[in-house]
Amino acid sequence: MNRDEMASRVKNERGPWDVLIIGGGATGLGTAVDASSRGYRTLLVEQHDFAKGTSSRSTKLVHGGVRYLQQGNVSLVLEALHERGILRENAPHLVHDLPFVVPNYDWWEGPFYGIGLRIYDLLAGKHGFGPSRNLSKEETIERIPTIETEGLRGGVMYYDGQFDDARLAINLAQTAAEQGATLLNYAKVTALTKEGDTVSGAVVHDEETDDEYTLRAKVVVNATGVFTDSVRHMDDPASPAIISPSQGVHIVLDKSFLPGDSAIMVPHTDDGRVLFAVPWHGCVVVGTTDTPVQDVSLEPRPLEEELEFLLVHAARYLTKDPTPADVLSAFAGLRPLVKAGNGENTAALSRDHTINISRSGLLTIAGGKWTTYRRMAEDTVDQAALVGGLEEKPCSTKSLRIHGYHDRAENFGTLEMYGDDASDIEKLIQKEPRYAERLHENSPVVAAQIVWAARHEMARCVEDALARRTRCLLLDAR
Ligand SMILES: Cc1cc2nc3c(=O)[nH]c(=O)nc-3n(C[C@H](O)[C@H](O)[C@H](O)COP(=O)(O)OP(=O)(O)OC[C@H]3O[C@@H](n4cnc5c(N)ncnc54)[C@H](O)[C@@H]3O)c2cc1C
């Protein structure tokens, strides 16, 4: 992918695009992959970098959502488990199985969570990642050597998926580009255009060159996450808000707090939240919180009380109590939760995501989660084809391999997350040995990865390279 080439395509395009997608997070990028692989002429514009918003700030789990099972929402869990399986098939370089241990401190927890997680296994069916089982106290300690042992009775182990969210976003952008889509980061939609009462395109400002384009499209898709309502207001200033943003914070700790390969899952903290401590890229990610917020921003900041909550709860389940000085990094993301009953023509295709078509034909897709991005995209493009009067074409993403896919036994070590591209990065190093140099002694990231990000992954600045092409900034901010 090359930004100059993408920008010149946008500049020189004369006819209308079939599908214009606003937003380059999980939802928009998935929609671009779906639309372009059906053969529609697709353009995606993102105001900042791909996955700059919520999509780089998740807990990094590809999961059915044990929480939804607790709430009795079986259809949602089924859909997510199904998508979890599809994603592992199509992106094995980014998604892998992870054992989770639910530590039990009360007598009833072992049987209760044991049964619940066996139902989870059953629902996964042939897409199962491994059978759950009850663990003795000794087995629990063996799996989680740093688990708090006071009052510990045992545990329940189950399997879910883990991934690298921003890397998947970049690989989705590359997949869409390979399918013929045009994708431009640092390109912001500032207004929608109309012909009569119908949305006919958008005004796009290139944040790098200051160029402005008025682009025509048969259908415009609003996939802007927590910014959904600002784009809806460009269509109709009187449209009611449909998003209730909720902030979730994670802290990152050194691996010594959770050595080994298993994660901890606490299904119910005393205020009813789910808490995870997950090994990720050689560190431990602990999260998350759920704080309703009024204002949305691309740089949400963790609140003191959220950091405090995470430290207190981590200390409750770990022998070594983390202090503020142990926090290597903290990041906040905003959940684009959809308000119930907004009084409009809302087609709720699943409890988890919502597609809304305004009177003037603006298609908004909101809600959902990373795990179900493919299904959300399929539903969106089905509807977009109707709104835009496009020739009906079937979705093919269930078996579409994501850029980087490889099925070789070869392991590329710290470059494994690049999949098939890893060998090209290694070739870069062979040609230019100084690219083997590490960025910092505490990080395995080498210069070649930054060169690769700039040349092939449309990274435009240091932050793009350190926060989303590699994950240095999230792993150790200092
Ligand atoms: C704390 C937390 C933890 C989570 N953990 C998980 C998890 O473990 N597993 C899971 O499956 N899901 C998880 N999720 C959910 C998942 O991350 C989100 O559902 C998903 O990332 C939302 O993607 P999106 O594309 O809708 O929004 P975003 O990623 O926010 O993308 C929207 C994009 O639109 C762009 N945009 C906005 N306005 C404009 C404009 N005018 N012009 C151009 N571009 C614009 C923004 O810059 C942004 O990049 C988590 C969410 C949170 C908050």
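None of these values were measured; they are calculated from a predicted model. First listed ligand is number 1; within each ligand, the first listed atom is number 1.
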Can you list everything that forms a side chain to side chain donor-acceptor pair (under 3.5 Å) with Lys11? Sequence neighbours excluded, please.
none
Does NZ or CZ of Arg167 lie under 6.0 Å from the centre of the six-membered ring of Tyr418, at an angle within 45° of the ring axis?
yes
Mind checking salt bridge (Lys or Arg N to Asp or Glu O under 4.0 Å) for Arg401 and listing every partner two or more places apart, or none if nothing turns up?
none
Residue among Arg471, Arg57, Arg468 satisfying salt bridge (Lys or Arg N to Asp or Glu O under 4.0 Å) with Asp165
Arg471
For this output row, return yes or no: ring centroids of Tyr40 and Trp17 closer than 6.0 angstrom.
no
For Arg469, enumerate each residue passing the salt bridge (Lys or Arg N to Asp or Glu O under 4.0 Å) test, keeping only those at least two apart in sequence or located in another chain.
Asp49
Under 4.0 Å from ligand 1, counting heavy atoms only: the protein residues, by chain and number:
Ile22, Gly23, Gly24, Gly25, Ala26, Thr27, Val45, Glu46, Gln47, Gly53, Thr54, Ser55, Arg57, Ser58, Thr59, Lys60, Leu61, His63, Ala187, Lys188, Val189, Ala223, Thr224, Gly225, Phe227, Gly248, His250, Thr288, Leu298, Gly333, Leu334, Arg335, Gly368, Lys369, Trp370, Thr371
